[in-house]
Each structure stands twice: as C-alpha cells, then as structure tokens.
A.B. asks: 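Got a structure for you, written out below as structure tokens; questions coming shortly.
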Amino acid sequence: MDYDNAGKHRKLQLNKLEEIRNDAYESPRIYKEKTKLFHDKMISRNIFVVGQKVLLFNSRLKLFPGKLRSRWNGPFVVTNVFPYGAVEVTSLTKGTIFKVNVHRLKTYYENFPTENVDVIELRDVLPLEE
C-alpha cells in the first residue's frame with residue numbers, strides 16, 4: 001500500500017462529498033426562488049385611487065357564515081391611499097372613516113351596460129302524450 005496515493009484518493013473523495021453536499025443545499029434554494037417568482041407573477045395587483053368605490057371583505061363571518069350571505073360589504077369610497085398597502089375608506093351609508101388593508105378590498109362595479117342582451121324563449125318541442 002502506498003500511503004501517499006491513498007491520502008490523495010481520500011482527499012478527492014472528501015472534496016467530491018463536499019461538492020455533493022453543497023449541491024444538496026443549493027438546489028432547494030433555487031427551487032424556492034423559481035417557485036416564488038412564478039407565484040408572484042400570478043398575483044394581480046390592486047391599485048386604488050381616491051374617489052373609487054370599493055367593497056370590503058367582512059372577516060367576522062368566518063365563525064357563523066350564512067349559507068347565502070355575502071362576505072363583501074359596501075360600497076365604500078376611497079378617501080386616502082397610504083404607502084405600503086393601507087387605504088382609508090368612508091362608508092356611504094354611515095359616513096364613518098377607517099383604515100383597512102388593501103388585501104381586504106376589491107373594486108365595486110355598478111351599472112353594468114345591458115345593451116347587448118339576447119333573450120331566448122324556452123318552450124316544449126314535443127307535445128306531451130297522455
């Protein structure tokens with residue numbers, strides 16, 4: 001046995017093991033970065049302006065949600081937009097002013113145009129045999 005060759009061979013084995021260990025640490029990080037980029041690309045950003053009408057998510061309905069009850073209250077009017085996702089809204093009915101997070105809001109659409117409405121009359125094609 002040659003101790004010098006055995007020592008060099010062992011050093012090569014340890015270096016390969018270290019490389020494999022580094023790759024094992026690196027690959028989950030790369031996977032997480034790619035997953036985060038894909039997820040962030042799919043998120044739609046809501047941009048609200050002053051005077052816009054919005055609906056507010058009612059988070060208190062989680063304990064006792066009505067079967068057909070809507071979780072969105074409103075409409076509210078945006079009175080001020082703060083940086084980092086805070087919005088000040090005013091209630092149209094009560095006039096109360098409060099700050100909410102942007103994630104609890106969605107735009108309120110009113111008065112949809114009903115110009116191109118097709119009406120289809122349904123009737124029986126075959127007469128009933130008695």
Side-chain angles (χ1 to χ4, degrees):
M1 283 206 177
D2 189 12
Y3 289 117
D4 292 332
N5 287 337
K8 288 179 185 177
H9 182 65
R10 183 65 181 155
K11 283 184 182 179
L12 284 174
Q13 285 179 337
L14 290 174
N15 286 338
K16 286 182 182 178
L17 183 65
E18 189 68 28
E19 286 179 16
I20 292 171
R21 193 175 289 147
N22 287 337
D23 289 342
Y25 282 121
E26 190 70 19
S27 63
R29 187 183 61 81
I30 293 171
Y31 174 75
K32 286 180 184 178
E33 287 176 359
K34 287 182 181 178
T35 307
K36 182 178 179 352
L37 288 174
F38 177 75
H39 180 265
D40 290 346
K41 185 172 57 175
M42 294 299 172
I43 295 175
S44 61
R45 306 287 181 203
N46 290 332
I47 299 172
F48 297 107
V49 294
V50 175
Q52 182 179 6
K53 289 186 179 180
V54 294
L55 294 175
L56 176 65
F57 184 75
N58 187 2
S59 59
R60 294 182 182 179
L61 281 176
K62 288 185 180 178
L63 293 176
F64 305 105
K67 185 173 183 180
L68 299 175
R69 189 167 181 183
S70 176
R71 293 179 181 257
W72 296 94
N73 295 338
F76 296 91
V77 177
V78 175
T79 56
N80 196 357
V81 178
F82 298 101
Y84 305 110
V87 175
E88 188 176 79
V89 294
T90 304
S91 173
L92 290 177
T93 56
K94 297 178 183 178
T96 57
I97 299 174
F98 49 95
K99 285 185 187 179
V100 293
N101 195 335
V102 174
H103 295 110
R104 295 183 60 202
L105 298 175
K106 72 177 181 180
T107 56
Y108 174 72
Y109 300 105
E110 59 183 342
N111 299 331
F112 285 110
T114 57
E115 298 162 356
N116 299 327
V117 176
D118 294 333
V119 177
I120 300 173
E121 295 182 17
L122 301 176
R123 55 187 164 91
D124 290 334
V125 178
L126 299 173
L128 296 175
E129 295 180 18
E130 293 181 20

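Nothing fancy with the numbering, it's 1 onward along the sequence.
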A.B. asks: Tell me who clusters with Leu92, hydrophobic residues only, linked when side chains sit under 4.5 Å apart either directly or through other members.
C.D. replies: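 Val77, which link up through side-chain heavy atoms under 4.5 Å apart, make up the rest of the cluster.
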
A.B. asks: Indicate yes or no: at least one non-hydrogen side-chain atom of Leu105 is less than 4.5 angstrom from one of Val87.
C.D. replies: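 Answer yes - side chains close enough.
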
A.B. asks: Rounded to the nearest 0.5 Å, what separation is found between the NE2 atom of His9 and the CG atom of Leu12?
C.D. replies: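 Spacing of NE2 (His9) from CG (Leu12) equals 7.5 Å.
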
A.B. asks: Other than Leu17, which residues form its hydrophobic cluster under the rule that side-chain heavy atoms must be closer than 4.5 Å?
C.D. replies: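 When side chains under 4.5 Å apart are linked, Leu17 ends up in no cluster with other residues.
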
A.B. asks: Suppose we screen for side chain to side chain contact (heavy atoms under 4.5 Å, CB included). Which residues come up paired with Tyr109, at least two apart in sequence or across chains?
C.D. replies: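 For Tyr109 the side chain to side chain contact (heavy atoms under 4.5 Å, CB included) partners, ignoring immediate neighbours, are Thr107, Phe112.
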
A.B. asks: With sequence neighbours excluded, what pairs up with Arg10 under the salt bridge (charged side-chain N to carboxylate O under 4.0 Å, His left out) test?
C.D. replies: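 Residues passing salt bridge (charged side-chain N to carboxylate O under 4.0 Å, His left out) with Arg10: none at all.
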
A.B. asks: Please name the pair of heavy atoms, one in Ala24 and one in Pro28, separated by the smallest distance, quoted to 0.1 Å.
C.D. replies: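 Smallest interatomic distance, heavy atoms only, reads O-CD, 2.9 Å.
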
A.B. asks: Which pairs pass salt bridge (charged side-chain N to carboxylate O under 4.0 Å, His left out) with one or both residues in residues 101-113, sequence neighbours excluded?
C.D. replies: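 Only Lys53-Glu110 qualify under salt bridge (charged side-chain N to carboxylate O under 4.0 Å, His left out).
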
A.B. asks: Could you list who else is in Phe38's hydrophobic cluster, with ILVMFWY side chains joined at under 4.5 Å, directly or through other members?
C.D. replies: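 Answer for Phe38: Met42.
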
A.B. asks: A side-chain contact here means heavy atoms from C-beta on lying under 4.5 Å apart; do Leu56 and Val100 qualify?
C.D. replies: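 In short, these two side chains touch, coming nearer than 4.5 Å.
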
A.B. asks: In the single-linkage hydrophobic clustering (I, L, V, M, F, W, Y; side-chain heavy atoms under 4.5 Å), do Val78 and Val102 co-cluster?
C.D. replies: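 Yes, it is one cluster - the side chains of Val78 and Val102 are joined through contacts under 4.5 Å.
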
A.B. asks: Among all residues two or more places apart in sequence or in another chain, which pass the salt bridge (charged side-chain N to carboxylate O under 4.0 Å, His left out) test with Glu18?
C.D. replies: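 Counting only residues at least two positions away or on another chain, Glu18 forms a salt bridge (charged side-chain N to carboxylate O under 4.0 Å, His left out) with Arg21.
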
A.B. asks: Excluding sequence neighbours, so at least two apart, what forms salt bridge (charged side-chain N to carboxylate O under 4.0 Å, His left out) with Asp40?
C.D. replies: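 With neighbours one apart ignored, the set is Lys36.
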
A.B. asks: Calculate, to the nearest 0.5 Å, the distance between atoms CD1 and CD belonging to Ile47 and Gln52 respectively.
C.D. replies: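 One finds 10.0 Å between CD1 of Ile47 and CD of Gln52.
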
A.B. asks: Just to verify, what does Asn15 make a side chain to side chain donor-acceptor pair (under 3.5 Å) with, not counting sequence neighbours?
C.D. replies: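 Once residues adjacent in sequence are excluded, Asn15 has no partner under the side chain to side chain donor-acceptor pair (under 3.5 Å) criterion.
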
A.B. asks: Under the ring-ring contact (aromatic ring centres under 6.0 Å, His included) definition, can you give me all pairs with a residue in residues 78-106, not counting sequence neighbours?
C.D. replies: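 Qualifying pairs, neighbours excluded: Phe76-Phe98.
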
A.B. asks: With sequence neighbours excluded, what pairs up with Thr79 under the side chain to side chain donor-acceptor pair (under 3.5 Å) test?
C.D. replies: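 For Thr79, the residues satisfying side chain to side chain donor-acceptor pair (under 3.5 Å) (neighbours in sequence not counted) are Glu88.
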
A.B. asks: According to side chain to side chain donor-acceptor pair (under 3.5 Å), who are the partners of Thr96, at least two apart in sequence or on a separate chain?
C.D. replies: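 Side chain to side chain donor-acceptor pair (under 3.5 Å) list for Thr96, sorted by chain: empty.
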
